[in-house]
Every structure is written in C-alpha cells, then in structure tokens.
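Working notes for the structure below.
Only a predicted model underlies this, so the values are computations on that prediction, with no experimental measurement involved.
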Amino acid sequence: MTTEFGEQMEKTIYFDHAATSWPKPSSVSMTMKKAMYENGGNPGRSGHILSVKASKAIYKCREAVSDLFSFDDPERVIFTQNTTYALNTAIKGIVKQGDHVVISNLEHNSVLRPIERLSQEKGITYGTFDATDDSDEDVIYCLKRAIRQNTKTVVVTAASNVCGKILPISRISSECHRRGITLIVDGAQAGGVFPIDFKTMGADILCLAGHKGLYGPQGTGIMLCCKSITPESLAEGGNGINSQDKTMGDILPEKLEAGTPNTPGICGLYEGVKYVSAETVEEIFGKTLLLTRFATEALLENKNITVYGDYGVKAPVISFNINSFDPSYVSSVLSDNGICTRSGLHCAPLAHMALGTNGGTVRVSFGHKNTKNEIEKFLKVVNKIR
C-alpha cells in the first residue's frame with residue numbers, strides 16, 4: 001500500500017498517535033520546505049514582500065483553525081510551541097494568588113505541574129475530582145463536591161491520554177459558568193480526533209496540540225481564547241507592534257506571541273488542518289473508534305491481560321498490562337517486532353493512580369490510517385508474550 005503518507009506504513013506499525021501522529025501527510029513537509037524558501041521573512045516585523053507573505057500564511061492558518069473548531073475570531077487563535085506551553089500560558093495567566101483551582105484525577109503533568117508550582121509560589125490551593133466513572137452524572141457529581149466558594153478556575157482534559165476517557169465538557173462548562181468559574185480545557189488528545197464545536201463546548205480557553213490529531217509538525221500548539229478571557233502573557237519580548245511600549249499590550253494575538261513565530265511549522269500545521277478538514281473529524285473518529293473497540297475486545301479475551309478504563313465511546317487510546325510482565329519489557333518486545341507503543345506513566349501519574357495501574361502500562365493509540373490487519377499482528381505478538 002502506497003499512500004500520500006508514504007511507504008513507511010508498510011514497514012512500521014505505528015500505535016503511538018497519542019504522543020504524536022506519524023507519518024504526516026506529505027503536504028505538511030512539502031509546505032514547510034516551501035515556506036522557508038518563499039515566506040522566509042519575519043512576520044509582522046517588516047513591510048517587505050517576504051515578511052508580508054509570512055504574515056499572510058500565518059493568518060491563513062488562524063482562519064483554518066477557526067473554521068475547524070467553529071471559533072469565530074481568528075485573531076484569538078494563539079500559536080504556541082505545544083499544548084504544554086499553551087496550558088502554562090492559560091493557567092499562569094489567569095490563576096491569581098489565593099485562588100482555589102479544581103482539576104480532574106486524569107490530568108497530564110502539563111496541568112498538574114504548573115498548578116503545583118503556583119501552590120508553592122503564590123499560595124493557591126487546588127483539589128481533584130474523580131473523572132474515571134463511565135457515567136457523566138457521576139463525573140458531574142464529583143466535580144460539584146470538589147468546588148469551593150473560592151474556586152476560580154477549573155482545568156480538565158477533554159480526553160485522557162492514558163485510558164481515552166472523554167469528559168462531558170459541555171456539562172462541566174455549564175456548572176462552571178453558573179458559578180462564575182473560568183474553564184480551561186486540555187484538548188491535546190481531542191483536537192482532530194473527535195468533533196469539537198468551541199461554542200457548544202463552552203470552554204473559556206481550549207489548548208490544542210498541532211502535532212497530534214491535527215497532523216502538523218512537532219513544535220506547534222494552539223490556544224483558543226474566548227472574547228471574555230485574556231490571560232496575562234507568560235513571556236515578554238518583541239511582538240511587532242507598539243515597540244515603544246514597555247508592556248506586551250492587550251491586543252491579541254500579539255500579547256501572547258512574544259518573539260519570532262515558527263512560520264514553517266505553522267505553515268505545516270495549516271496543511272495538517274486542511275487534511276483533517278478534508279477527511280472530516282467525524283470520519284476520522286468513526287474509523288478510530290472501530291479500531292479501538294476491535295483491539296479492546298480482543299485484549300479482554302485474554303485472561304492474563306488487564307485493560308484499564310474500558311469505555312464504550314472513547315478517544316483511540318488503550319492502556320493495558322500483561323500479568324507478571326513489566327510494561328517496558330512488553331513495549332520493547334513489540335518494538336523488536338516493528339510495533340511502536342509507549343510504556344510507563346505517560347506523564348500522567350494522577351491518571352495511573354486513579355486507574356490503579358500499579359506503576360504504569362503499555363499504551364497503544366491509533367490513527368485513522370491504521371488497520372485491523374495491523375492490530376491482528378500486534379495481538380499475535382502480545383499473545384506470544386503471554
């Protein structure tokens with residue numbers, strides 16, 4: 001099989017899309033190379049033709065992102081290095097000294113660590129709520145119990161990078177806004193993976209990975225800010241406007257985009273977003289959901305295997321362990337057989353503690369170009385380990 005993704009698909013079975021999607025559409029790398037030749041100026045810094053072309057290319061990507069996520073203001077599409085940087089910008093730019101913050105027990109370290117640092121340096125307090133239950137009613141009940149009178153911000157993942165659990169974000173949003181609480185959503189495992197309508201979701205800020213479900217290059221992330229919320233800047237420097245001002249100002253996106261942007265990366269991201277839009281997120285989600293159920297059901301048939309978080313509708317992520325085998329050993333054996341997975345805590349110790357994995361798992365995560373035949377090859381190797 002030769003596709004626009006190249007012939008590497010024949011040689012390697014790649015089940016690590018939750019870390020980064022691979023391979024990318026060929027248009028991504030081609031456009032990045034073209035951008036360095038044709039859009040090589042520094043965007044927004046000069047009036048010459050190369051600078052103007054770079055600015056236009058970046059704005060075109062802001063528009064494409066807005067269209068994909070039903071977001072109505074391209075200038076409030078902020079480009080960052082990754083989801084982690086976007087989350088740090090949102091959290092540290094909004095949470096104030098003395099605030100109380102609520103997070104779920106499925107959060108990635110990109111949420112936990114900045115909040116922990118704020119607790120040490122600014123005296124904020126935070127608590128967690130249980131989001132592992134299959135029932136949305138129970139998740140909302142746990143959220144309500146965690147909210148205090150001084151809770152100012154809730155930060156939750158849209159989908160777990162460990163078990164694939166999809167949280168009821170629109171209902172969480174309703175609970176937050178009823179109390180005047182700001183909602184920040186980590187969409188690293190959601191953007192391009194399953195349909196997201198920013199207006200319906202109700203988040204105040206949505207942070208996204210450019211290099212995962214959106215098929216852009218590594219080193220690209222996105223933050224969508226609603227019109228009523230503007231975080232303080234995480235970094236200061238040149239932004240191409242009001243150079244005489246000693247502050248970053250209040251104009252978006254420039255306030256939150258200090259320094260020279262990653263123009264080639266953003267051009268590549270534009271092609272990734274175009275690709276996802278053409279395939280449609282609904283089609284992508286349908287394909288990966290079928291693959292996820294197929295693999296999950298097969299793993300559950302093996303009495304020596306434990307699958308963590310078996311949700312019917314979930315992001316295309318499965319965590320499992322083979323009894324008495326260290327997950328790193330299992331992942332190593334799979335790698336020796338040309339199958340890429342990830343073992344360990346996946347930068348989400350809270351989730352592993354909540355799921356009771358006893359120190360980590362093997363994680364497989366699918367893209368829509370994966371096949372049942374690849375999963376069957378994976379299962380053969382797993383059963384041999386048994």
Flag if over 12 foreign heavy atoms under 6.0 Å of NZ, K53:
yes
CZ of R45: more than 12 outside heavy atoms within 6.0 angstrom?
yes
Is Y311 reachable from I305 through a run of hydrophobic residues whose side-chain heavy atoms are each under 4.5 Å from the next?
no
Tell me, yes or no, whether the heavy-atom count around R179 atom CZ, taken from other residues, nucleotides or ligands under 6.0 Å, exceeds 12.
yes
With ring pair (Phe, Tyr, Trp, His ring centres under 6.0 Å) as the test, pick out the partner of Y14 among W22, F378, F366.
W22
Within the 4.5 Å heavy-atom criterion, are N323 and T306 side-chain neighbours or not?
yes
For the atom pair CG (L112) and CD1 (I103), what is the distance rounded to the nearest 0.5 Å?
5.0 Å
With the threshold set at 4.0 Å, does a side-chain nitrogen-carboxylate oxygen contact exist between D310 and R293?
yes
Begin from the C-alpha positions of T151 and H100 and carry the test side-chain hydrogen bond (donor to acceptor under 3.5 Å, both in side chains) through to its verdict.
CA-CA 4 Å; T151 300; H100 180 255; 2.7 Å; yes
Atom CD1 of residue position I49 - does it have more than 12 heavy atoms of other residues, nucleotides or ligands inside 6.0 Å?
no
E257 with R62: basic N within carboxylate O range, under 4.0 Å:
yes
Pair Y215 and Y275, ring centroids less than 6.0 Å apart:
yes
Going only through I, L, V, M, F, W and Y residues with side-chain contacts under 4.5 Å, is there a path from I339 to V382?
yes
With a sphere of 6.0 Å drawn around CG of N358, does it hold more than 12 non-hydrogen atoms of other residues, nucleotides or ligands?
no
Mind checking whether M223 and V101 sit in one hydrophobic cluster, side chains of I, L, V, M, F, W, Y counted as touching below 4.5 Å?
yes
Does the salt bridge (Lys or Arg N to Asp or Glu O under 4.0 Å) test come out yes or no for E232 and K92, once each step is laid out?
CA-CA 8 Å; E232 293 302 315; K92 294 176 181 177; over 6 Å; no
Determine whether K380 and E374 satisfy the following criterion, salt bridge (Lys or Arg N to Asp or Glu O under 4.0 Å), listing intermediate values before the conclusion.
CA-CA 10 Å; K380 284 182 181 179; E374 290 177 325; over 6 Å; no
Using only heavy-atom distances, determine whether the side chains of H211 and T220 contain a donor-acceptor pair under 3.5 Å.
no
E116 and R113: CA distance, side-chain angles, deciding distance, salt bridge (Lys or Arg N to Asp or Glu O under 4.0 Å) verdict:
CA-CA 5 Å; E116 174 62 28; R113 285 177 172 173; over 6 Å; no
Are R342 and D16 close enough for a salt bridge, meaning some N to O gap below 4.0 Å?
no
Please assess E254 against M248 for the test side-chain contact (heavy atoms from CB on, under 4.5 Å), listing each intermediate value before the final yes or no.
CA-CA 8 Å; E254 288 83 4; M248 291 297 287; over 6 Å; no
Under a 4.0 Å N-O cut-off, is there an ion pair linking E137 with R171?
yes
So, are E376 and K372 salt-bridged, with charged N and O less than 4.0 Å apart?
no
Quick one: are I318 and L299 in side-chain contact, heavy atoms under 4.5 Å?
yes
Would F129 and V102 satisfy side-chain contact (heavy atoms from CB on, under 4.5 Å), going step by step from the backbone distance to the final call?
CA-CA 7 Å; F129 70 96; V102 171; 3.6 Å; yes
Output field: ring centroids H352/H346 closer than 6.0 Å
yes
Between E271 and K274, is the closest basic N to carboxylate O distance under 4.0 Å?
yes
Can you confirm whether more than 12 heavy atoms, excluding those of D250, are under 6.0 Å from its CG atom?
no
F320 and Y308: aromatic ring centres closer than 6.0 Å?
no
Is the side chain of D73 donor-acceptor paired with the backbone N or O of C226 at a distance under 3.5 Å, no angle test?
no
L289 versus P316: any side-chain heavy-atom pair under 4.5 Å?
no
Could you give me the CA-CA distance, side-chain angles and deciding distance for S66 and E63, then say whether side-chain hydrogen bond (donor to acceptor under 3.5 Å, both in side chains) is met?
CA-CA 5 Å; S66 296; E63 290 181 314; over 6 Å; no
In Å, rounded to the nearest 0.5 Å, how long is the span from NZ of K60 to CD1 of I266?
13.0 Å
